[in-house]
Amino acid sequence: MYRNKLKEIENKSTDFWNKLQINKSEISNKEPYVILDFFPYPSGFGLHVGHTLGYISTDVKARFERMNDKNVLYAMGFDSFGLPAEQYAIQTNQHPEITTQQNISNMKKQLKALALSHDESRTFNTSDSDYYKWTQWMFLKMYDSFFDNIEGKAKPISDLVEMLDSGKFTVENGKLYKASNSVKSINKDKEEIISSMRLAFLEEVEVNWCPKLGTVLSNEEVKNGLSERGNYPVEKRPMKQWMIRITSYAERLNKQLDILDWPQNIVSMQKNWIGEQEGTEIVFSTKKGDIKIFTTKPQTLYGVTFLAISSKHPVLGGMKVDENKFTNIYAKHPITNEEIPIWTADYVYSDYGTGAVMAVPAHDQRDFEFAKENDIKIKSVLKPDYKWLEENYLGSVKQSEIMLEWENNPDKFSSAFEGRGNLIDIEQFDVNEFLSINKEKNKVLEHLLDKGFAKQVKMFKLRDWLFSRQRYWGEPFPIVYDSSGKVFPICEEELPVELPKQHDFSPREGNDPEAPLGRSADWKSVKGSIVNGKFTSKVGNEEFTREINTMPNWAGSCWYYLRYMDPTNKMEFISKEAMEYWSSSKVGAIDMYVGGAEHAVLHLLYARFWHMFLFDLGYVKNKEPFDKLLNPGMITADAYKNGNDVYIDINDVEIRNKKAYQISTGELLVIEPGKMGKRYKNGIDPQDMCDKYGIDVFRLHVMYMAPITQTRNWNSDNIIGMERFLSKVYSKISSIKLLDTDSDENLIHKTIKFVTKEMEEFRFNTAIATLIKFVNDSDSISLSTGLSFLKMLFPFAPHLSEYLYQLHRNNLSIFDEVPDQHKEGLDSDLIDEIKNKSICMSKWPEYDDSKTKNLYMEMPITINGRLRDKINVPVDLDESEIEKLVMDREKIKSFVAGKNIRKSIVIKKKDPKDPDRLISMICNLVI
RNA sequence: GCCUCUGUGGCGGAAUGGUAGACGCGGCAGACUCAAAAUCUGCUAUUCCUAGAAUGUGAGAGUUCGAAUCUCUCCGGAGGUACCA
């Protein structure tokens, strides 16, 4: 019986594989296939069943592709730097280096227990100095590069110097322009221009400061004013920090989303985040300088009655002005030349758009409310429909006069009209020119553009990437400062800049940012000198101080997938050879990337940017990192709360009649479905499941529960079905005798055809269903068919498949002693294959297409879409013959009697899945 | 509010324009057994019920000979996002 044999089966197979080292992959002349899971951080809490969905699915696919003769790169390293690792260390009062090591080895053990076929020789951790050396190296490359906005790609700073020296280019506001021929020299300091162009740069910016975490966070790490990790309050404050100019890539990041094979929701989340918007930039002049505003509704320009700016807008010249106050500055309206007041407003953000808004209170609700509160004039520009006018009018006039009221007294309405409408007749414009909405918009725009008041621009919501963290457990920056605070990169030869081992590594909570690395005085100050603009400690004796912030944990995960291709290279982050071999020939370098949607705008955006940068510099050959992306669904589970809102461990819960009771107290508990996690005390340990049912059964169950992308509630009731399945497999396959024949010769061919298709497209639940059906439907199985079946089962249930494969291998060696006449009818290739190899090394079974088709088939007959009868016909019978047969049937006659047949159709089913050629006949009746 | 996804038996789910409910769980009946478990066999959408028929994929309309599948409107659920100019 399968259950009694379970341990024997698992041990035998595992031992066999360990001897063969089957998971190792080397560069060869085979076609490569790279499949990866998202980089895991080694959590101190270990894996729960929720994590296994993605991991098992990549393993299944990796095993399948190996059997299809692909050279599969399937490895797993650990994202060991960063907040989660550090916080766990703080909580357990240990050094992160120690906890990280412990957690990694624990996690490796758990992964192994699931029989994942990773190439273990390719693993590494982001906190290994051999690895972060290259993260630092890439940072230096960014520091030493700029974005050429004319060509749309990054280039070395030396190119910029050349371009500027040639006199053919100038730089304005961080952008490169072709110089008009007269420009020869640059007025501004060249060095200043260069530093304004670097892709990695230091800047005083409004940052998201999280006092509780004691560090700043990037925009992507803040949600609803709370930190993404831990849900702590975040506040804005100015700080000088390292930034990465990801905004230079906004256009490419946005556009290339369309050529990726990614789930639609991830694509649209990224698009939302990048936030490309076409609009108009309009300049208002003031005595203190120009104010640029960005608008998507330039046609309402006439209705501007004030400008709303952020309280940090440069026009204030650093003057401290409270929010929602009049600034005593006026701007000139570009059309009417009216003086319009400038107000600071709390709804205008300094880091969004231009930090200034043209306020049109008649047509923008926020402007409307602000105007009402501060007694500012309201001027209507667009005509609403009458329904809106009636619903929003506060006074009482005759219906016929309501439009006139809107035109003259828009403040008598309860809100702004934000919809579309025709322009009200304004002296500068002839209203007849503005017949349609689009035309109206374009006419005003044309006028503005003509007069030079405005230009059409693209704006992006994406902000530059804040790259400094006031934490200990991260990559140190390869940067030093001289005594005057000037920045110098450390020369490449002296990388890595190793993280000092310090005991007091905790962040300081509170309002005064203090980077922990500052406490390592010995490490912080270094002696050396500047050679060719770079710091070296090899010569000189000048005093320098190191940058004491560290990089965010997203840094290391931006390029780890490339390192799997060449994990131990000391000379380069990846060799050209390894990069060329493993990178796919598709859009993205990695064939298949599997991981959760929670990283949609964090890791996946940063990594795409990072890859594009490496691409521009010629280090990688693909435009994008990840070709195909798949989000496995979550596994949710019920959590249980008692009357005091305290979560009760699931091991202390008993379910009776769909109600939950605490075992130890007998208390009735509240059931709360949701994410699995430590804090909900509802995590289910995969190890428990594997101990109870076996690894193979567990893997099958997880894959069979639902389609891979679907979120599902954990339920171990159904797992028994998979045990029954393997039990049947065990008894049917192990008892096959050499000369057994198939009860249905075509069944295996149909099964292979269908399962292959499903495996290719990650539909493992239906692949398993087909395998179950095969076992249920076959009474007798030949050896060759049995082996084909085992190969299909292998990716899901490797232990049992290998065990049974080897069982027959042993039988075959006995068979060698048998006289030749008894061997007749057995495939000699098959005998060789099975005798010498593990099932891992066998080929995925092939099918004979002619055997997937039946000679006869049962064809349903429908009349007006209703199933009325079925008829058994030869598959290749022609349509008119079928029609005759159908019309002859008594049943059909009775339905058709007295009616005209308007049309009859014989449907041929489009192949791929169903082997049957014909499906249905429809007689349409006209009554 | 906006964007994306989603809604099928008692439950997980099949079926992507052509026989709705594959496969699994659960349930019912039978076999084996002194008995139970395990296993095996059959049945299991609903209603009238012998046959046979009618109804049925969140609700309503539409396209079609034919719709779970395509289109529109509405309702419910999940995720994302927002004083976004």
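Because only heavy atoms are used, hydrogens play no part in the values below, and waters and symmetry mates are left out as well, while side chains stay in. Chain letters run A, B, ... following the sequence lines, proteins first and then strands; every chain starts at 1. Predicted model only: the values in this text are computed from it and were never measured.
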Phosphate contact ([N] OP1 or OP2) by [X] side-chain N/O below 4.0 Å:
| X | N | result |
| --- | --- | --- |
| R366(A) | rG1(B) | no |
| Q277(A) | rC84(B) | no |
| N765(A) | rA14(B) | yes |
| R3(A) | rA38(B) | no |
| R724(A) | rA38(B) | no |

Nearest-nucleotide pick for [X], side chain only, options being [options]:
| X | options | value |
| --- | --- | --- |
| K773(A) | rA22(B), rG80(B), rU81(B) | rA22(B) |
| N776(A) | rC84(B), rU4(B), rC23(B) | rC23(B) |
| T295(A) | rG13(B), rG24(B), rA85(B) | rA85(B) |
| P707(A) | rA22(B), rG13(B), rU4(B) | rG13(B) |
| I720(A) | rG13(B), rA82(B), rG26(B) | rG26(B) |
| V357(A) | rA85(B), rU19(B), rC23(B) | rA85(B) |
| Q710(A) | rA85(B), rG13(B), rU4(B) | rG13(B) |
| P860(A) | rA82(B), rG26(B), rU19(B) | rU19(B) |
| R712(A) | rC23(B), rC84(B), rG13(B) | rG13(B) |
| S268(A) | rC84(B), rA14(B), rU4(B) | rU4(B) |

Nearest-angstrom distance, [atom1] atom, [N] to [M]:
| N | M | atom1 | value |
| --- | --- | --- | --- |
| rA59(B) | rC49(B) | P | 27 Å |
| rU8(B) | rG21(B) | C1' | 8 Å |
| rC25(B) | rU41(B) | P | 12 Å |
| rG66(B) | rG17(B) | C1' | 8 Å |
| rG76(B) | rU16(B) | P | 30 Å |
| rU64(B) | rG58(B) | P | 23 Å |
| rG62(B) | rG1(B) | C1' | 29 Å |
| rU44(B) | rA36(B) | P | 26 Å |

Syn or anti conformation of rG26(B), syn meaning chi within 90° of 0: anti
What is the nucleic acid contact for [X], judged by heavy atoms within less than 4.0 Å: base, sugar-phosphate only, or nothing?
| X | result |
| --- | --- |
| N718(A) | base |
| V348(A) | base |
| K728(A) | sugar-phosphate |

Between E723(A) and R3(A), is the closest basic N to carboxylate O distance under 4.0 Å? yes
For the pair E251(A) and K458(A), find out whether any cationic side-chain nitrogen is under 4.0 Å from an anionic carboxylate oxygen. yes
Give the rounded distance in Å between these two atoms: [atom1] of [X] and [atom2] of [N].
| X | N | atom1 | atom2 | result |
| --- | --- | --- | --- | --- |
| K458(A) | rC84(B) | NZ | C1' | 18 Å |
| M703(A) | rG13(B) | CE | P | 14 Å |
| N272(A) | rC2(B) | CG | P | 14 Å |
| Q270(A) | rU4(B) | CD | P | 16 Å |
| K757(A) | rU16(B) | NZ | P | 12 Å |

On RNA chain B, nearest-nucleotide positions of Y349(A) versus Q264(A): which is more 5'? Q264(A)
W273(A) ring centre to K461(A) NZ or CZ under 6.0 Å, with the angle to the axis within 45°? yes
Can the ring centroids of F370(A) and F306(A) be said to lie less than 6.0 angstrom from one another? yes
Between F774(A) and F789(A) (judged by ring centroids, cut-off 6.0 Å), do the two rings come close enough to count as a pair? yes
Under 3.5 Å, is there any donor-acceptor pair linking the side chain of Y704(A) to the base of rC23(B)? yes
Are a donor atom and an acceptor atom from the side chains of T280(A) and Q456(A) found within less than 3.5 Å of each other? no
Of L257(A), V601(A), L604(A), the one forming a side-chain contact (heavy atoms from CB on, under 4.5 Å) with I266(A) is L604(A)
Can you establish whether the number of heavy atoms outside K379(A) located under 6.0 Å from its atom NZ is more than 12? yes
